[in-house]
Amino acid sequence: MARKYVYFFGGGKADGNESMKNLLGGKGANLAEMAGHKDLRLPVPPGFTVTTEVCLYYYKNRKAYPKGLKEEVAGALKKLEKLMAKDFGDPVNPLLVSVRSGARRSMPGMMETVLNIGLTTKTIPGLIKHSSGNSRFVYDAYRRLIMMYSDVVMEKAAGIEPKDDESGIRKQLEKIMGAMKKEKGYKSDADLTADDLKKLCVLFKDKIKEALHKEFPDDHHEQLWGGIGAVFVSWNGKRAVSYRRIEGIPDEWGTAVTVQTMVFGNMGNDSATGVAFTRNPGNGENQFYGEFLMNAQGEDVVAGIRTPAPINEYSKSEYNKDLVSLEEAMPKIYKELFDYQGRLEKHYRDMQDIEFTIEKGRLFMLQCRVGKRNGPAAVRMAMDMFKEKLIKKEEAVMRVSPAQLEELLHPIIDPKAEMTHKALAKGLPAGPGGASGQIVYSAKDAVEWAKQGKKVILVREETNPEDVEGMRAAEAILTCRGGMTSHAALVARGWGKCCIVGCSALHIDYAKKEVQIDGKLLNEGDWITLNGTKGNVYEGRLPMIDASEENKILIDFLKICGSIKRLGVRTNADTPDDARKARQFQAEGIGLFRTEHMFYGKGSDEALFILRKIIVSKTEAERKKALDELFPYMKKDIKDTLEAMDGLPVVIRLLDPPLHEFVPREQVKLEQLAKDLNITLQDLSGRAGALHESNPMMGHRGVRLGITYPEVSSTQIRAVLEAAAELLKEGRHPYPEIMIPVVSDVKELNDQLVIAKQVYKEVLIKYNLKKIKHLFGTMIEIPRAVLVAGQLAQVAEFFSYGTNDLTQMGFGFSRDDIGGFLPDYIKKGILPEDPFQSIDQEGIGELIKIGIERGRKTRKDLEVGICGEHGGEPRSVEFCHRVGMDYVSCSPFRVPIAILAAAQAVLKEKKK
Ligand code: PEP
Ligand code: MG
């Protein structure tokens, strides 16, 4: 049988269904489902979808169509005509259609659409007659067709590149319309009369001929095929391609084209068009939420030219509260719409984004798809739907992406600072969180400034889909027009980016690169701060904080993830504060406590000073004296952390960095140190200089320090065990795991174990205890350690993969110097990504696997974890799950992400 290229829907039936997204695109598949599924059969304007296979054929065959397509389209048109009792191109009762794009995954506004196809000088009189003589409506539809068609088909699809923004055909036609409005003293497009519009259409056609050297087509079939071709061409348009790169959508998917009967929301005050969501996409509340415009076409809502009205009481905000809602204006239709949205959500078991049109008091459903939502909304919806028994817990877990979860942990403006600052202006809160940046006025500038490492906020009257790269590069987006469903809002929400739209107090002068806000003049490069959760705009740069407020929904969600995951999730924490924060986020212990961090940061001066004395000590006696001085500091730090993690394991690593890192550089500090040690400055400089190494990362660090200075190890181990002993005496449940870093041979471990055993014995006697629960283990960060893992496991009770060093030494890439070459590696495709961020699974990952296998062969119950930066990166977490690690460990703010990734790893494995 010949391949089927065209799928019909309408009249309560459909050839396709929702499961055919790959072939029909998201839009086509959902229209088929809405129109034809027995539980739905909603009033969808009938139409047909040309498959994505045709798009692929089109590109493979130099823009030709497969054999039989023309006949199939003609057949589908016939069916459509029959169903609508109208004929395409008929002078008496003409059928008009729209031509729309639709890829497998939604790419909002990135491809083209042409409306009102079928309007020609031949069909205009018939349509006027059939619209009760409303010639204004018909000529308005015609001028929209001319504007869209000339722009999309005759210019863009024909590959004509206008010199600049201003010289494109659409802009030129807009100028003609603007001039007519000015001449007549009109304020809005609605003031244009039928005669004005008729004249405009003539002027438009003349301009098109002059600018593009072609006549505007007056044949309905030519218009239809021009539209279909233009949609296919738009799959490879600039903005669609860059959107695909950002979103990781493959080029080979192609787009489908849906040809659908036109319905009109602009046929008077009993007509309207709108966009709605079955739940609030901004915060996840289970409330029907949306906007509409009376007497308008769909493009007017999305373009954000008029302020849309709320569909119901719930959708009212400060900006639209004075407008009449759909519920108030057309209660019966609202009820019908409300019923449909409920059925759609139940059917799809997810939040739906719906487009509808009301034509002369009749409701039509134009589109539905799974609605984009920001992180907080995603988590809330997943939890609510789980509680409502709409979805199972496994589905709830899969509904939230790690990136969305990250949004919940995004910075917000410090509320204290916000209280003392007056907002310059307010707009609609379209994307959550806070952001500060320097003002830029074009997407191009946003990209360029961001490349220079600047933080920018893209300020535009409205963002159009061509701005997508600039929107991505910006910290946040601020527009003066558009509602919560405008493109800026949709795109920002999809990315979880801070965004404010519809901020009408903004008056932008693009030419001068300045903006007036409430009488205040701001220039390019000036700093502003946005609160995208509230919609507030502030002048200057307000401080940000982490959104660590207790979030019950997040915690409940993490608990569900916890009930599914197998991997443990611990945190890398060096302070009791970090430990507490991570525990709130459900961390199950500490996977890395870097002892050296007690010498950095706030309140570390005294401890650091003593450490410096240790470092420059010449004799063992000198060093021991200083170590004794340091001991109480170490013990306290460790004890506080063990206490914060009471009952859970805490991996405490012995000193790791090369000692010279701690030698003071300032003269005053050097002098003070010399004085305290009772030596001359010269003597001190000599000792410090002797510590210099050419390659410190591979120098005197990690276990090598403990081999040279056993007293350094014994003091640290004593601090750990005494802290634990004291806690035991206080009735607590400490569980330290002592970890030796940078190990490459079992004899190193044996050397340190002798020390540990001796100290353990002494501490038991001192505290009169029989046992202190603890483990003795090693980091695996050197390739040799992986190969001799079988031997290491004879001594080590646990392994913790230090993948920062393992990547460094496995690749031979210095972790501190990759900036010079890694970007080129990625640009040239030599490496797919930075291996310090996501585990290089085929190389370093193999090393990890070998180490686990060899280690567990020796010691069956060997505990294996990871504490390198990769422990909080979702794909690496999935890898750690697959290779059978016991836990991952990461910084406190990545703990929730690791928990989610660990749960999703289990579910993905089951799916296979
Ligand atoms: C590692 O090497 O992965 C590790 C955790 O240790 P550090 O980053 O402190 O070298
Ligand atoms: Mg390391």
Side-chain angles (χ1 to χ4, degrees), residues 569-575 578 582 587 589-601 641 649-662 693 695-706 716 737-745 748-749 752 777-786 789 792 796 798-818 834-841 843-845 847-848 851-852 863-873 876-877 879-880 883 885-892 894-895 898:
V569 176
R570 299 189 189 178
T571 188
N572 291 359
D574 309 312
T575 64
D578 279 355
I590 290 182
L592 177 62
F593 175 91
R594 290 177 164 106
T595 357
E596 60 270 18
H597 280 205
M598 67 182 281
F599 305 113
Y600 306 127
T641 303
V650 175
V651 175
I652 299 159
R653 179 174 77 180
L654 303 194
L655 213 53
D656 181 84
L659 292 182
H660 81 100
E661 271 190 19
F662 299 101
E693 292 176 317
N695 199 347
M697 264 296 179
M698 297 205 217
H700 202 174
R701 62 174 286 214
V703 68
R704 298 157 207 167
L705 295 170
Q716 291 183 83
E737 301 187 16
I738 298 165
M739 180 159 79
I740 315 294
V742 202
V743 167
S744 59
D745 193 282
E748 291 170 323
L749 273 187
Q752 298 294 295
T778 182
M779 285 193 79
I780 304 282
E781 6 179 29
I782 296 180
R784 188 178 193 278
V786 166
L792 296 182
F798 68 89
F799 282 180
S800 174
Y801 277 91
T803 43
N804 303 335
D805 272 315
L806 193 59
T807 303
Q808 165 166 266
M809 301 196 218
F811 272 96
F813 287 172
S814 158
R815 20 194 298 202
D816 303 315
D817 305 305
I818 47 167
D834 178 353
F836 287 98
Q837 281 179 25
S838 190
I839 291 177
D840 154 53
Q841 298 190 11
I844 305 301
L847 287 175
I848 294 174
I852 297 177
E863 177 187 276
V864 181
I866 177 175
C867 63
E869 282 311 302
H870 306 87
E873 190 275 326
S876 308
V877 173
F879 174 80
C880 295
V883 298
M885 281 197 193
D886 294 296
Y887 68 84
V888 294
S889 186
C890 54
S891 63
R894 291 172 90 189
V895 164

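Counting starts at 1 for both ligands and their atoms, in listed order. The chain is numbered in sequence order, starting from 1.
No side-chain heavy atom of Leu847 sits less than 4.5 Å from a side-chain heavy atom of Ile780. The side-chain heavy atoms of Glu863 and Tyr887, taken from C-beta on, include a pair separated by under 4.5 Å. Contact annotation: the side chain of Phe593 never approaches that of Met739 to less than 4.5 Å [non-hydrogen atoms, C-beta and beyond].
Residues Arg704 and Glu693 are not paired through a salt bridge, judged by the lack of any N-O separation under 4.0 Å between the basic side chain and the carboxylate. Using a 4.0 Å cut-off between charged side-chain N and carboxylate O, Glu596 and Arg701 make no salt bridge.
Looking only at its N/O/S atoms, Glu781 has OE1 as the one nearest to the Mg ion (ligand 2). The Mg ion (ligand 2) sits nearest to atom OD2 when only the N, O or S atoms of Asp805 are considered.
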- request: Report the C-alpha separation of Leu806 and Val786 in whole Å, then their side-chain angles, then the decisive distance to 0.1 Å, and conclude whether the side-chain contact (heavy atoms from CB on, under 4.5 Å) test is met.
  value: CA-CA 9 Å; Leu806 193 59; Val786 166; 4.2 Å; yes
Need the list: ligand 1 N/O atoms against protein N/O atoms, distance under 3.5 Å, rounded to one decimal.
from: ligand 1; atom 1: 2 (O); to: Glu781; atom 2: OE1; distance (Å): 3.0
from: ligand 1; atom 1: 2 (O); to: Asp805; atom 2: N; distance (Å): 3.0
from: ligand 1; atom 1: 2 (O); to: Asp805; atom 2: OD2; distance (Å): 3.1
from: ligand 1; atom 1: 3 (O); to: Gly802; atom 2: O; distance (Å): 3.4
from: ligand 1; atom 1: 3 (O); to: Thr803; atom 2: N; distance (Å): 3.0
from: ligand 1; atom 1: 3 (O); to: Asn804; atom 2: N; distance (Å): 2.7
from: ligand 1; atom 1: 3 (O); to: Asn804; atom 2: ND2; distance (Å): 3.2
from: ligand 1; atom 1: 6 (O); to: Arg653; atom 2: NH1; distance (Å): 3.0
from: ligand 1; atom 1: 8 (O); to: Arg594; atom 2: NH2; distance (Å): 2.9
from: ligand 1; atom 1: 8 (O); to: Asn804; atom 2: ND2; distance (Å): 2.9
from: ligand 1; atom 1: 8 (O); to: Arg815; atom 2: NH2; distance (Å): 2.8
from: ligand 1; atom 1: 9 (O); to: Arg594; atom 2: NE; distance (Å): 3.0
from: ligand 1; atom 1: 9 (O); to: Arg594; atom 2: NH2; distance (Å): 3.2
from: ligand 1; atom 1: 9 (O); to: Arg653; atom 2: NH1; distance (Å): 3.1
from: ligand 1; atom 1: 9 (O); to: Arg653; atom 2: NH2; distance (Å): 2.9
from: ligand 1; atom 1: 10 (O); to: Asp805; atom 2: OD2; distance (Å): 3.0
from: ligand 1; atom 1: 10 (O); to: Arg815; atom 2: NH1; distance (Å): 2.9

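Phe813 pairs with exactly one of Thr807, Asp834, Ile818 by the side-chain contact (heavy atoms from CB on, under 4.5 Å) rule, that one being Ile818.
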